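What follows is a short report on a single structure.
Note that the numbering runs from 1 along the sequence shown for the chain. Note that the structure is a prediction, hence the values are computed from the model and not measured. For ligands, and for the atoms within them, numbers begin at 1 and follow the listed sequence.
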Amino acid sequence: MPLNVAIQMDPIERINVRGDSSFALLLEAQARGHRLAYYTPDRLALRQNDVFATVRSLTVRDTEGSHFALGEEKRVDLKSFDVILMRQDPPFDLAYISATHLLERLQPTTLVVNDPAHVRNAPEKVFVTEFPDLMPPTLITRDLAEIKAFRAEHGDIVMKPLYGNGGAAVFRLAPQDVNFGSLYDLFAVTFREPWVVQKYLSAVTQGDKRIILVDGEFAGAVNRVPAADDLRSNMVRGGAAEATQLTAREREICARLGPPLRERGLLFTGIDVIDGFLTEINVTSPTGIRAIKRLGGPDIAAMIWDKIEAMRKG
Ligand SMILES: Nc1ncnc2c1ncn2[C@@H]1O[C@H](COP(=O)(O)OP(=O)(O)O)[C@@H](O)[C@H]1O
Ligand SMILES: [Mg+2]
């Protein structure tokens, strides 16, 4: 049965068609005959207890430059949709949090993927601390004395924003690095939140593995190897995508995360693993599924729609 699907995402004219996971989900939904509507988060409105948005019908095509066509604007009650994909990119700030509060009102009439209340409660670099034995030594603070003590213990460290993404402002500080004081000051004036201090994992040069779980089950993976002159493996920072298999440790990590992810309605998640250490659980708008398919891996968009269709039937 065709579903009425709306996607809440960033402006579709600006996406990178080749790499965008939201776009892969749209192509697959359209191929299955589902009806698509599109809006950006700034078109949301909560009036009394009803959530409206001004949406436009959407058709997609896998051709950069002419990848979408939109219909007329129409103001609709979002409960008229069977499924809403919440897919705008971070920053995970109060604008993001506000959107989760609004979309939460639609459940259970409308299935929102991922579950907005649980997205709000699982900031990617905080959620991971619920699994301390799977992660590298990590400190979340803005307290100078705490950071100095951690640095004295671990020597080589990374400092990065707690709510960052795409590799922005991720720094490595070698044991004798004299820039530590200035970098601390810069972080302290730039961020109001605490930030992440983590043991530097030297095997990052072999890659940071993105593993996708669909409803808590392993679905596919891609290894991202940083450029020779950069710490960061993110594909938007020039990290090279390569096909990969899971190690025993990585299978164990997936098995541990599966049940909590499923319980929380976090249907489409991407975890990051460096040298067997879990560093992030991405729940907002994970990427990687187009790269995985291009490298000969499974069609994860199809797996996600199989799951959504089953949930809407059940
Ligand atoms: N502890 C670490 N050791 C080595 N490299 C790291 C570490 N933390 C982050 N990096 C590098 O920086 C990149 C981005 O960091 P990450 O924690 O994934 O934040 P983001 O949310 O910005 O992707 C990683 O893909 C990896 O290449
Ligand atoms: Mg990352």
Side-chain angles (χ1 to χ4, degrees), residues 16 19-21 87-93 96 114 119 122-141 147 150-151 153-175 177 180 183 187 190-191 193-213 221-242 244 249-250 253 257 266 268-292:
N16 162 12
D20 196 283
S21 293
R87 289 289 307 176
Q88 76 267 33
D89 285 330
F92 188 77
D93 55 8
Y96 212 108
N114 286 330
V119 167
E124 346 214 76
K125 293 184 183 73
V126 178
F127 188 19
V128 73
T129 63
E130 290 182 30
F131 308 93
D133 55 312
L134 302 182
M135 59 184 311
T138 302
L139 170 70
I140 297 178
T141 190
I147 300 176
F150 186 91
R151 189 174 182 226
E153 184 178 340
H154 294 290
D156 217 335
I157 60 167
V158 166
M159 284 212 322
K160 52 190 173 184
L162 185 53
Y163 300 110
N165 71 298
V170 180
F171 292 87
R172 173 187 171 192
L173 286 161
D177 197 319
F180 171 71
L183 192 62
F187 268 56
T190 307
F191 303 112
E193 307 85 24
W195 57 86
V196 180
V197 186
Q198 200 163 59
K199 182 181 157 83
Y200 168 69
L201 302 166
S202 58
V204 69
T205 52
Q206 310 302 305
D208 178 352
K209 204 175 282 188
R210 162 56 55 90
I211 303 171
I212 304 287
L213 294 99
V222 58
N223 193 33
R224 299 161 304 170
V225 180
D229 61 353
D230 206 308
L231 168 70
R232 301 163 303 170
S233 317
N234 308 70
M235 292 188 253
V236 290
R237 305 293 176 183
E242 56 177 38
T244 186
R249 162 83 171 174
E250 289 159 350
I253 292 173
L257 295 182
L266 297 170
F268 177 13
T269 58
I271 65 171
D272 290 347
V273 181
I274 304 173
D275 195 23
F277 292 100
L278 180 65
T279 60
E280 280 196 274
I281 304 174
N282 290 275
V283 303
T284 51
S285 164
T287 57
I289 69 177
R290 292 216 94 180
I292 288 169

Below 4.0 Å, non-hydrogen atoms only: which portion of Thr279 touches ligand 1? Side chain, backbone, both or neither. neither

Is the closest N or O pair between Tyr200 and ligand 1 shorter than 3.5 Å? no

Below a 4.0 angstrom heavy-atom separation, can you tell me which part of Lys160, side chain or backbone, both or neither, approaches ligand 1? side chain

Is Arg224 salt-bridged to Asp208, cutoff N-O under 4.0 Å? yes

Any heavy atom of Arg237 sitting closer than 4.0 Å to ligand 1? no

Checking heavy atoms under 4.0 Å, the part of Glu280 that sits near ligand 1 is side chain

Backbone N or O of Ser21 within a donor-acceptor pair of the Thr287 side chain at under 3.5 Å? no

Option of least heavy-atom distance to atom 26 (C) of ligand 1 (set: Pro137, Pro90, Ser233): Ser233

Which residue and atom name correspond to the protein heavy atom nearest atom 25 (O) of ligand 1, and how close is it? Asp208 OD2, 2.6 Å

Glu124 contact mode with ligand 1 (heavy-atom cut-off under 4.0 Å): neither

Checking Asp230 side chain against Arg232 main chain: does a donor-acceptor pair fall under 3.5 Å? yes

Atom name of the N, O or S atom in Glu280 that lies nearest to the Mg ion (ligand 2): OE1

Donor-acceptor pair, distance only, cut-off 3.5 Å: does the side chain of Lys125 make one with the backbone of Gly164? yes

Of all N, O or S atoms in Asp272, which has the smallest distance to the Mg ion (ligand 2)? OD2

Parallel under 30°, tilted from 30 to 60°, perpendicular over 60°: which one fits the rings of Phe187 and Phe191? perpendicular

Quick one, Tyr200 and Ile274 - any side-chain contact, counting heavy atoms below 4.5 Å? no

Tell me the protein heavy atom at minimum distance from atom 14 (C) of ligand 1, and give that distance in Å. Asn234 OD1, 3.3 Å

Please tell me whether Thr279 and Asp272 have a donor and an acceptor in their side chains that are separated by less than 3.5 angstrom. no

Among Asp230, Ile274, Val170, Val236, which residue places a heavy atom closest to atom 15 (O) of ligand 1? Val170

Residue and atom name of the nearest protein heavy atom (relative to atom 21 (O) of ligand 1), distance in Å to one decimal: Lys125 NZ, 2.7 Å

Please state whether Gly167 comes within less than 4.0 angstrom of ligand 1, counting heavy atoms only. yes

Please classify the Leu231 to ligand 1 contact at 4.0 Å (heavy-atom distances, strictly less than): side chain, backbone, both or neither. both

